[in-house]
2 protein chains.
Amino acid sequence: MQPAWTQAPLFASLTPSQQAQLERLAVTRKLEPGETLFFEEDACTGFFVLVAGAIQLTRASDQPGAHPTLAVILPVQSFAEAAMFGGEAFPATATAVQPSQVIHFPKAAFLGALRDDPDFALAVIHAQAVWLRRLATRVQQLAGVGSGDRLRNWLRQQLPKPGARYALPMPKKTLAAQLGMTPETLSRSLRSLQEEGLLAVEGRTLHRLGEL
Amino acid sequence: MQPAWTQAPLFASLTPSQQAQLERLAVTRKLEPGETLFFEEDACTGFFVLVAGAIQLTRASDQPGAHPTLAVILPVQSFAEAAMFGGEAFPATATAVQPSQVIHFPKAAFLGALRDDPDFALAVIHAQAVWLRRLATRVQQLAGVGSGDRLRNWLRQQLPKPGARYALPMPKKTLAAQLGMTPETLSRSLRSLQEEGLLAVEGRTLHRLGEL
DNA sequence: CGTTCGGCTTGATGCCCGTCAAGGACGGAA
DNA sequence: TTCCGTCCTTGACGGGCATCAAGCCGAACG
């Protein structure tokens, strides 16, 4: 059995020997809910893979109190790769929303590995392309007409066909932030879907009943 | 004097000999306003550098008629790099909004060059990281409170200090799409900024007067 | 057991902004 | 010149969603 982090998309196409080589660089860290892994503008020390829990990436804005959510990281995903290549500082703030465990890969050693192994570099390029598509999808969602529509889009992703179930790995307020709406609006949108008979909600478990 | 496309961020860190090697792959194409370079889901033939004009990247959505704008490409920028690595098909539709000129780099030859040259691969990784930041910024803009606020954010980017001028390289309707609002709302927002004495608008030229 | 706190829901109110509609400014073509 | 098309502006209207406020529920704790 390989370590959990080898399942991350970034490493999926690596050979076992390459993975073993990388494992010597890895450092593990645990976080409590509300604890911050790094702040926007912090000097970038490397990148991370989440192996347990959930991490919320937010970005400060000019408006006081407003912290748009860029993404919610779930196991097993890597994040902050872009920070390592693109600039000196982290472009966002990473906060745990659940008890979490991350693996840290220091910057210098990782860049060295990139330089030595063309296949590894190609794998990284591929992983970045996946991220680009995710962000493009997110832009599409945010630009979509109403917040109710964004919720329906998201539900179709998580619950591919009627009958499917999904348990939220995060509080509803975090989901609301990810969808760019307030918890109140999320609550109301879910209710209206229930009244249409398309969805059942029991606590944090969603149960798709019909054709959204 | 080097060819214009060598100024693109993607190639900035290449040596002259590497650039010369790439130039043999390049193919030039011209487009009229409204003409489409490629459609979403088209098979990906390579990637592009815009050397003149302006290109709008849009993405189809479920709602009929709604085409959220991902980005507006201005000279000299590369685009569709991600499509080459991430998948088989283009993730967006590219349409000229002005008379434009692009350079096309075919896929296969380019991937070969990547494999042979670690520095080039690192340059590509860097370029993708820049894209990731741009999209993250876009998400931030879209998630930002009001459309008026998004306009102010954009103005601060284009007009760094009071007294600065900027001539729009595109029609206002395109700018409105980029900012995720309708032309009507853009017009009203610009008017209110003028009434506050912070901005002057003469046709497509913007003149920043005060502290936004 | 009672208390407290956070997550969640529900209601009332107001504003922002998208839509629809009409009209002005400008440029190109006959 | 006149006609026509595009870009842009302005007004009126309505709906969606954020905000504010109150209350419910379950979990953790003394």
Side-chain angles (χ1 to χ4, degrees), chain A residues 32-34 54 56 61 63-69 72 95-99 141-154 167-195 199-206, chain B residues 32-35 54 56 61 63-69 95-99 141-154 167-195 199-206:
Chain A
E32 296 304 314
Q56 186 176 24
S61 70
Q63 298 81 21
H67 282 264
T69 295
V72 175
T95 308
V97 294
Q98 290 206 333
Q141 284 181 349
L142 283 174
V145 207
S147 62
D149 303 291
R150 297 199 294 273
L151 175 60
R152 291 170 94 102
N153 286 338
W154 184 88
L168 284 181
M170 50 186 150
K172 284 205 182 79
K173 60 188 290 191
T174 301
L175 172 61
Q178 186 182 0
L179 293 175
M181 63 178 93
T182 60
E184 293 96 323
T185 300
L186 173 61
S187 182
R188 284 186 250 268
S189 299
L190 286 175
R191 160 157 295 275
S192 78
L193 285 175
Q194 290 182 82
E195 285 168 353
L199 189 73
V201 180
E202 303 158 3
R204 284 184 188 171
T205 298
L206 306 177
Chain B
E32 295 305 312
E35 195 175 352
Q56 185 177 23
S61 70
Q63 298 81 21
H67 282 263
T69 296
T95 308
V97 294
Q98 291 208 327
Q141 284 180 349
L142 284 174
V145 208
S147 62
D149 303 292
R150 298 199 294 274
L151 174 59
R152 291 170 94 102
N153 287 338
W154 183 87
L168 284 181
M170 50 185 149
K172 285 203 181 78
K173 60 187 291 191
T174 302
L175 173 61
Q178 186 182 2
L179 293 174
M181 62 179 94
T182 60
E184 293 96 324
T185 299
L186 174 61
S187 182
R188 284 186 249 268
S189 299
L190 286 175
R191 160 158 297 274
S192 77
L193 285 175
Q194 289 182 81
E195 286 168 352
L199 189 72
V201 179
E202 302 158 5
R204 284 184 187 171
T205 298
L206 307 176

Asks: What is the distance, to the nearest angstrom, from the CG atom on L190(B) to the P atom on dT10(D)?
Replies: 10 Å
Asks: Quick check for you: among dT10(C), dC8(D), dT10(D), whose closest atom lies nearest to any side-chain atom of R191(B)?
Replies: dT10(D)
Asks: Any side-chain to backbone donor/acceptor pair from K173(B) onto T182(B)? Under 3.5 Å, distance only.
Replies: no
Asks: Would you say the side chains of S192(A) and S189(A) form a donor-acceptor pair under 3.5 Å?
Replies: no
Asks: How long is the line joining CG of L206(B) and C1' of dC8(D), in whole Å?
Replies: 14 Å
Asks: If the condition is side chain to side chain contact (heavy atoms under 4.5 Å, CB included), which residues does P99(A) pass it with, not counting sequence neighbours?
Replies: P33(A)
Asks: Using atom CG of L151(B) as one end and atom C1' of dG18(C) as the other, report the distance to the nearest whole Å.
Replies: 17 Å
Asks: For K173(B) and dG18(C), what is the distance between atoms NZ and P respectively, to the nearest whole Å?
Replies: 16 Å
Asks: Considering heavy-atom distances to DNA chain D, does Q194(B) or G148(A) have its closest nucleotide positioned more toward the 5' end?
Replies: Q194(B)
Asks: From C-beta outward on S147(B), which listed nucleotide comes closest to its side chain: dT9(C), dT10(C), dC17(C)?
Replies: dC17(C)
Asks: Figure out the CG/C1' separation between L175(A) and dT9(C), and round it to whole Å.
Replies: 15 Å
Asks: Would a 4.5 Å heavy-atom cut-off, applied to side chains only, mark E35(B) and T95(B) as touching?
Replies: no
Asks: Quick test of your reading of the model: are E195(B) and R191(B) salt-bridged, counting only N-O distances below 4.0 Å?
Replies: yes
Asks: Can you measure K172(B) atom NZ to dC26(C) atom P for me and round it to whole angstrom units?
Replies: 12 Å
Asks: Is there a donor-acceptor contact under 3.5 Å from the side chain of R150(A) to the main chain of L179(A)?
Replies: yes
Asks: Is there a side-chain contact between T182(A) and the phosphate of dA18(D), meaning an N or O under 4.0 Å from OP1 or OP2?
Replies: yes
Asks: For L186(B) and dT10(D), what is the distance between atoms CG and C1' respectively, to the nearest whole Å?
Replies: 14 Å
Asks: Is the distance from OP1 or OP2 of dG18(C) to the nearest side-chain N or O of T185(B) less than 4.0 Å?
Replies: yes
Asks: Describe the nucleic acid contact of P183(B) in one word from base, sugar-phosphate, nothing, applying a heavy-atom distance below 4.0 Å.
Replies: nothing
Asks: Tabulate atom names and distances for all N/O pairs under 3.5 angstrom spanning the protein and nucleotides 20-26 of chain D.
Replies:
unit_1  : atom_1 : unit_2  : atom_2 : d
dC20(D) : N4     : E184(A) : OE2    : 3.3

Asks: If the cut-off is 4.0 Å, is R204(B) near the phosphate of dC7(D), judged by side-chain N/O to OP1 or OP2?
Replies: no
Asks: Restricting to side chain to side chain contact (heavy atoms under 4.5 Å, CB included), what partner residues turn up for S187(A), sequence neighbours left out?
Replies: none
Asks: Could you tell me how far apart E202(B) (CD) and dT9(D) (P) are, to the nearest whole angstrom?
Replies: 13 Å
